[in-house]
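A short write-up of the structure that comes next.
Side chains included, hydrogens not; waters and symmetry mates left out as well; all remaining heavy atoms used. Numbered from 1 within each chain, the chains take letters A, B, ... in sequence-line order.
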Protein chains: 2
Amino acid sequence: MKDSTIKLKDQLKEKGYKLTSQRKVVLDVIMDHENEHLSTEEIYGYVKERHPEIGLATIYRTLLILDELGIVSKLDLDEEFNRYELNKDSEDHRHHHLICTKCGSVTGVEEDLLDPLEQQIQKKYGFYVNNHRVKFYGICKECSDNKH
Amino acid sequence: MKDSTIKLKDQLKEKGYKLTSQRKVVLDVIMDHENEHLSTEEIYGYVKERHPEIGLATIYRTLLILDELGIVSKLDLDEEFNRYELNKDSEDHRHHHLICTKCGSVTGVEEDLLDPLEQQIQKKYGFYVNNHRVKFYGICKECSDNKH
DNA sequence: ATTCATGCAAATCGTTTGCAACCCA
DNA sequence: TGGGTTGCAAACGATTTGCATGAAT
């Protein structure tokens, strides 16, 4: 059993969940497509290649659990459906997305310079920030290079 | 005809749209509930008080146009439906939202300290940022005051 | 008069849920 | 064995769309 599966099994057990072959495959697919921000439907497609009998509902249920366990995060990229990304242990809440309004590409970014802003918000509004979600809209490098 | 309606009429005409009583009422309702982040369904409710025959589809169609005209912005506050807020002329970069994870309140915030971050992103990734959307999650003042 | 907008109901579409059969622990 | 899990289909809920009627320019 691969490391990631063992870890998954432990995390599932903590919450009283079981390790099933479907859950294994879903996580494997997401890991094999890191940084791709797969949608539920896309995950379903890839999982079906390795486990053809799986139902869409199982994908939804599994993603809900993986999110609950903190293994993946649901992204909300202004589409009519959701996408998911693998959480890296190293990142806390310092991960933003660059969304190109021309080609639609989505890139993850590690910078985090929000601390001063959060301190200011806390001082001025008495609002204690413990997480944030930031999307930048603009034109990506490829699109501005290709515009001739 | 009130100022806001005249302005609406002009903006509609520019795009070949007509000024209808329904569109007037929708905008009036949103203006009367500034800072409340009304959902489509809530807007429907308020509009119906003043214009009982209106259909939900008209609300959806009107909000689409008001958004296109830049009069309102669709918000995405992690709910299964959308909310809208009135755009203030003074702000171009949209403001940020503080979302309390305890009571669910949503507050608009005007600070904008993202310029240095955006410059860094531009330099490092060649991505030209022209807008952003930021949500801060945490505990609002009321909730932390009331926790005893 | 022309063109666009409305109201209604039906249609979409992503997601959820009920349930009998099934499988992991 | 027993309780969580699955696949399937039906149910949901927000939003969209087709169409005949109605209103604005």
Side-chain angles (χ1 to χ4, degrees), chain A residues 1 5-27 29 37-45 47-69 72-84, chain B residues 1 5-6 8-27 29 37-45 47-69 71-84:
Chain A
M1 198 156 55
T5 306
I6 295 174
K7 198 171 163 195
L8 172 62
K9 182 170 186 169
D10 291 344
Q11 290 180 269
L12 286 168
K13 181 145 55 176
E14 262 181 50
K15 300 264 185 174
Y17 298 133
K18 291 173 178 170
L19 177 64
T20 63
S21 59
Q22 290 89 332
R23 289 174 179 168
K24 256 188 291 195
V25 176
V26 170
L27 181 54
V29 161
H37 311 103
L38 297 182
S39 66
T40 309
E41 209 64 54
E42 287 168 342
I43 294 170
Y44 180 47
V47 171
K48 235 157 95 168
E49 294 175 0
R50 312 185 193 175
H51 201 301
E53 341 75 71
I54 200 164
L56 225 203
T58 300
I59 305 289
Y60 277 100
R61 287 187 278 232
T62 301
L63 290 172
L64 217 56
I65 290 179
L66 292 181
D67 197 332
E68 178 194 351
L69 296 177
V72 303
S73 289
K74 190 199 283 185
L75 300 182
D76 187 14
L77 302 176
D78 311 307
E79 295 169 301
E80 52 301 338
F81 48 83
N82 289 308
R83 295 184 174 279
Y84 287 83
Chain B
M1 201 157 53
T5 306
I6 295 174
L8 172 61
K9 182 171 187 170
D10 291 345
Q11 289 179 271
L12 287 168
K13 181 145 59 177
E14 263 182 49
K15 298 265 185 173
Y17 298 132
K18 291 172 179 169
L19 177 63
T20 65
S21 59
Q22 290 89 333
R23 288 174 182 170
K24 255 186 293 193
V25 176
V26 170
L27 181 53
V29 161
H37 312 101
L38 296 183
S39 66
T40 309
E41 208 65 52
E42 287 167 343
I43 293 169
Y44 179 48
V47 170
K48 236 158 90 173
E49 294 175 1
R50 312 184 193 178
H51 200 301
E53 341 76 71
I54 201 165
L56 224 202
T58 300
I59 305 287
Y60 277 102
R61 287 186 279 232
T62 302
L63 290 171
L64 217 55
I65 290 179
L66 293 181
D67 198 333
E68 178 194 351
L69 295 177
I71 296 172
V72 303
S73 288
K74 190 199 281 184
L75 300 182
D76 188 13
L77 303 176
D78 312 308
E79 296 169 299
E80 54 300 341
F81 47 84
N82 288 307
R83 294 183 176 279
Y84 288 84

Does [X] reach the side chain of [Y], with side-chain heavy atoms less than 4.5 Å apart?
X	Y	result
B:L8	B:L66	yes
B:I71	B:I65	no
B:Q22	B:V47	no
A:T40	A:F81	no

According to a strict under-4.0 Å criterion, is [X] in side-chain N/O contact with OP1 or OP2 of [N]?
X	N	answer
A:T40	C:dT15	yes
A:Q22	C:dC23	no
B:Y60	D:dT15	yes
B:N82	D:dA14	no

Query raised in the report: Considering residues at least two apart in sequence or located in another chain, which fulfil the side chain to side chain donor-acceptor pair (under 3.5 Å) criterion with A:D78?
Result: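 A:K135, A:Y137.
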
Quick one: [X] [atom1] to [N] [atom2], roughly how many Å, whole number?
X	N	atom1	atom2	answer
A:I6	C:dC24	CD1	C1'	17 Å
B:E79	C:dT15	CD	P	16 Å
A:Y44	C:dT15	OH	P	14 Å
B:L8	C:dA5	CG	C1'	14 Å
B:Y84	D:dA14	OH	P	13 Å
A:L64	D:dG4	CG	P	17 Å

[atom1]-[atom2] distance between [X] and [Y], expressed to the nearest 0.5 angstrom:
X	Y	atom1	atom2	value
B:I59	B:L64	CD1	CG	12.5 Å
B:K24	B:M1	NZ	CE	7.0 Å
A:E80	A:S39	CD	OG	10.0 Å

Query raised in the report: Using a cut-off of 4.0 Å between protein heavy atoms and nucleotide atoms, how would you tag nucleotides 20-25 of chain D 5' to 3' with B, S and -?
Result: ----BS

Query raised in the report: What is the bend of the helix from C:dA1-D:dT25 to C:dA25-D:dT1 when you compare the axis at one end with the axis at the other, using five pairs each and rounding to 10°?
Result: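 So the angle between the two local helix axes works out to 40°.
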
Query raised in the report: Which side chain to side chain donor-acceptor pair (under 3.5 Å) pairs, counting each pair once, include a residue from residues 53-66 of chain A, with sequence neighbours left out?
Result: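 Checked against side chain to side chain donor-acceptor pair (under 3.5 Å) - neighbours excluded - the pairs reaching residues 53-66 of chain A are A:H51-A:E53.
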
Query raised in the report: When only distance counts, do a donor and an acceptor, one from the side chain of B:R61 and one from the base of C:dG7, lie under 3.5 Å apart?
Result: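 Yes, the side chain and the base share a sub-3.5 Å donor-acceptor pair.
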
Query - Residue-level proximity of residues 47-56 of chain A to DNA chain C when a heavy atom falls under 4.0 Å - result: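 When residues 47-56 of chain A is checked for heavy atoms under 4.0 Å from DNA chain C, the hits, listed by number, are A:L56.
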
Report task. Among residues two or more places apart or on two chains, list those pairs meeting salt bridge (Lys or Arg N to Asp or Glu O under 4.0 Å) that have a residue in residues 9-22 of chain A. Result ->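 Sorted pair list: A:K15-A:E68.
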
Report task. Considering non-hydrogen atoms only, spot the tightest contact between A:R83 and A:E42 and give its length. Result ->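 Minimum heavy-atom separation between A:R83 and A:E42: NH1-OE1, 3.1 Å.
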
